[in-house]
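Before any comments, here is the structure.
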Amino acid sequence: MTIYSLYIYDRHCTCVYYHDWQRTKQARPATEGGILPAVSQSVSPHKHDSVTPYNPRNTLSSLSGVVIAVNEDHPNPQSNSRGPTPNPPSQSQQQPQSGLPFDEEAKLVYGVVISLRNMIRKLSGKDEQFVNYYTSTYKLHLYETMSGYKFVMLSDPNVDSLRFVLRQMYSGPFLEYVVRNPLVPMDSKQRGIDNEYFRTSVDRMVRGLSVFL
Amino acid sequence: MAIFGLWVINKAGGLVYQRNFGDGLPTLTSNEYLVLAGTLHGIHAITSRLSPTGSSSGVQVIEGESFKMTIMLTPTGTKFVLLTSVTETTADVILQKVYEVYADAVMKNPFHTPEMPIRSDGFDRRITALLG
């Protein structure tokens, strides 16, 4: 039993946040222009090895105070890159990849979720929500907020409904570090909502779940 | 513990049999059922590609708040879909029995054209006996 990944979509069908945990089949990095900046550093078009991305807005040093800033996806090329640059062949050997670039995958997930939501709504004849589906290897959970944000989580198929976790994620980290964060432009269609505090908080929450092994 | 409906979808995504049981879900027009079956066929193909680990089957169970859809894919590509209440635990077994009835009353019927809508009193009767 485990948790594989989390996608957050806004009401304009765009993926604004992505996080993965124990995926054995990684998505390939998105194609250029396929996803917004600040969705997830692990799948954005350019791979950078710099641990501390250069952030033009981050004028305070981290020693002088708490900065809940927005992560920049495209660090300045002049910033110090730490560690050797891995060459692409060896990297692909380390992680088997699904063959789908991330932007394609994100669109497919969204398409499935929306189609199923409409199907359930049509079949029930009332405003009933789609909750989850499962296949032989994974289970997809959906929580949709009143404002049209969709939280989608992929887990092991034997896990019970994780809707309450997605709800907690919305009422906890999301409200605290995204909605109440003036540096995160919501509904902008220009960039995602990824920032250090939100990511850390979501990570801690998921790793604390009893189903996360 | 209630059964709301049964669909049979052919390998091309066309709905060849559809029947409602009880009044747990509203009745839609046959056109709407055709569209939903086609959508389900597409979703089934996509879900097997989204697996975060290893190769996956297509979607097996879809849950809403008051009902769920259990989908059985046969080796020949025909899909049997059973709409039941969320608490129904025997949907898999029922689908297996429906498949048997299908093999007996439809596939062995010399007047049935494969991949075409199922119009057979014998099949209807046996499904009624099984699910009705």
Side-chain angles (χ1 to χ4, degrees), chain A residues 2-7 18 20-27 95-100 102 104-142 152-157 160-161 163, chain B residues 4-7 9 13 15 18 20 23-73 79 81-87 91-92:
Chain A
T2 185
I3 307 289
Y4 293 121
S5 51
L6 169 75
Y7 303 80
Y18 172 73
D20 64 39
W21 289 272
Q22 299 172 355
R23 271 185 85 150
T24 52
K25 225 167 77 177
Q26 294 293 331
Q95 293 175 334
Q97 298 185 328
S98 71
L100 274 180
F102 176 76
E104 297 290 326
E105 181 187 276
K107 280 179 203 159
L108 284 181
V109 170
Y110 189 82
V112 166
V113 163
I114 289 303
S115 305
L116 284 176
R117 189 185 68 148
N118 292 342
M119 180 182 285
I120 296 285
R121 199 166 281 179
K122 189 108 197 173
L123 277 172
S124 69
K126 47 187 197 284
D127 217 14
E128 191 174 316
Q129 300 273 319
F130 157 62
V131 179
N132 60 51
Y133 78 74
Y134 62 83
T135 75
S136 59
T137 56
Y138 70 98
K139 185 168 186 174
L140 180 146
H141 311 258
L142 171 73
V152 177
M153 187 174 259
L154 267 61
S155 75
D156 188 86
D160 286 337
S161 180
R163 217 176 183 200
Chain B
F4 300 136
L6 171 72
W7 304 355
I9 303 173
L15 188 64
Q18 186 277 322
N20 285 336
D23 48 4
L25 293 176
T27 311
L28 308 177
T29 65
S30 52
N31 216 0
E32 286 172 318
Y33 282 118
L34 278 172
V35 171
L36 288 178
T39 311
L40 188 66
H41 184 73
I43 288 172
H44 192 275
I46 296 173
T47 48
S48 64
R49 294 203 58 192
L50 292 178
S51 173
T53 170
S55 66
S56 170
S57 72
V59 57
Q60 290 173 334
V61 175
I62 302 169
E63 285 183 30
E65 282 165 332
S66 71
F67 72 99
K68 67 174 180 176
M69 307 167 74
T70 310
I71 299 147
M72 184 181 82
L73 179 70
K79 284 185 207 64
V81 182
L82 194 68
L83 288 91
T84 61
S85 59
V86 182
T87 49
D92 295 335

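Below, chain A is the first sequence line, B the second, and so on; all start at residue 1. What you see is a predicted model, and the numbers here were worked out from it, not measured in a lab.
- The residue from A:Thr2, A:Thr24, A:Thr137 that alone fulfils the side-chain hydrogen bond (donor to acceptor under 3.5 Å, both in side chains) condition with B:Thr53 is A:Thr24.
- Interface check for chain A: of the options B:Gly54, B:Gly5, B:Gly42, the most heavy-atom pairs under 4.5 Å are formed by B:Gly54.
- Interatomic distance, B:Ser48 OG to A:Tyr138 OH, rounded to the nearest 0.5 Å: 7.5 Å.
- Atoms CZ and CG, on B:Arg49 and A:Leu100 in that order, are 4.5 Å from each other to the nearest 0.5 Å.
- Among A:Asp20, A:Leu140, A:Val109, the residue making the largest number of heavy-atom pairs under 4.5 Å with chain B is A:Val109.
- Heavy atoms of B:Leu40 lying under 4.5 Å from chain A belong to its backbone as well as its side chain.
- A:Asp160 CG: 12 or fewer foreign heavy atoms inside a 6.0 Å radius.
- Among all heavy-atom pairs drawn from A:Arg23 and B:Pro52, the shortest one is CG-CB, 3.8 Å.
- Rounding to the nearest 0.5 angstrom, the gap separating the CD atom in B:Gln60 from the NZ atom in A:Lys139 is 11.5 Å.
- Nearest heavy atom pair, residue B:Glu63 against residue A:Tyr134, reads OE2-CE2, 4.4 Å.
- Heavy-atom pairs under 4.5 Å with chain B were tallied for A:Leu108, A:Asn118, A:Leu142; the largest tally goes to A:Leu108.
- Comparing B:Val59, B:Leu28, B:Thr39, B:Leu25 by heavy-atom pairs within less than 4.5 Å of chain A, the highest count is held by B:Val59.
- Rounding to the nearest 0.5 Å gives a distance of 6.0 Å between CG of B:Leu83 and CG of A:Leu123.
- Taking the charged nitrogens against the carboxylate oxygens, B:Glu65 and A:Arg163 do have a contact shorter than 4.0 Å, which makes a salt bridge.
- Residue contact with chain B, scored on non-hydrogen atoms closer than 4.5 Å, involves the side chain of A:Leu154 exclusively.
- Contact between A:Ser124 and B:Pro26 at its shortest, heavy atoms only, is O-CD, 3.5 Å.
- Residues A:Lys122 and B:Val35 form no side-chain contact, since every pair of their non-hydrogen atoms from C-beta on lies 4.5 Å or further apart.
- Looking at A:Tyr4, only its side chain comes within 4.5 Å of chain B, counting heavy atoms on both sides.
- Contact of B:Thr27 with chain A is not made at all, since no heavy-atom distance falls under 4.5 Å.
- Counting only N and O atoms by type, the side chains of A:Thr135 and B:Thr47 include no donor and acceptor under 3.5 Å apart.
- Looking at B:Ile62, both its backbone and its side chain come within 4.5 Å of chain A, counting heavy atoms on both sides.
- Heavy-atom pairs under 4.5 Å with chain B peak, among A:Ser5, A:Pro157, A:Ser115, at A:Ser115.
- Note that CE of B:Met69 and OH of A:Tyr133 are 13.5 Å apart. Values are rounded to the nearest 0.5 Å.
- Between A:Lys126 and B:Ser66, some side-chain heavy-atom pair lies under the 4.5 Å cut-off.
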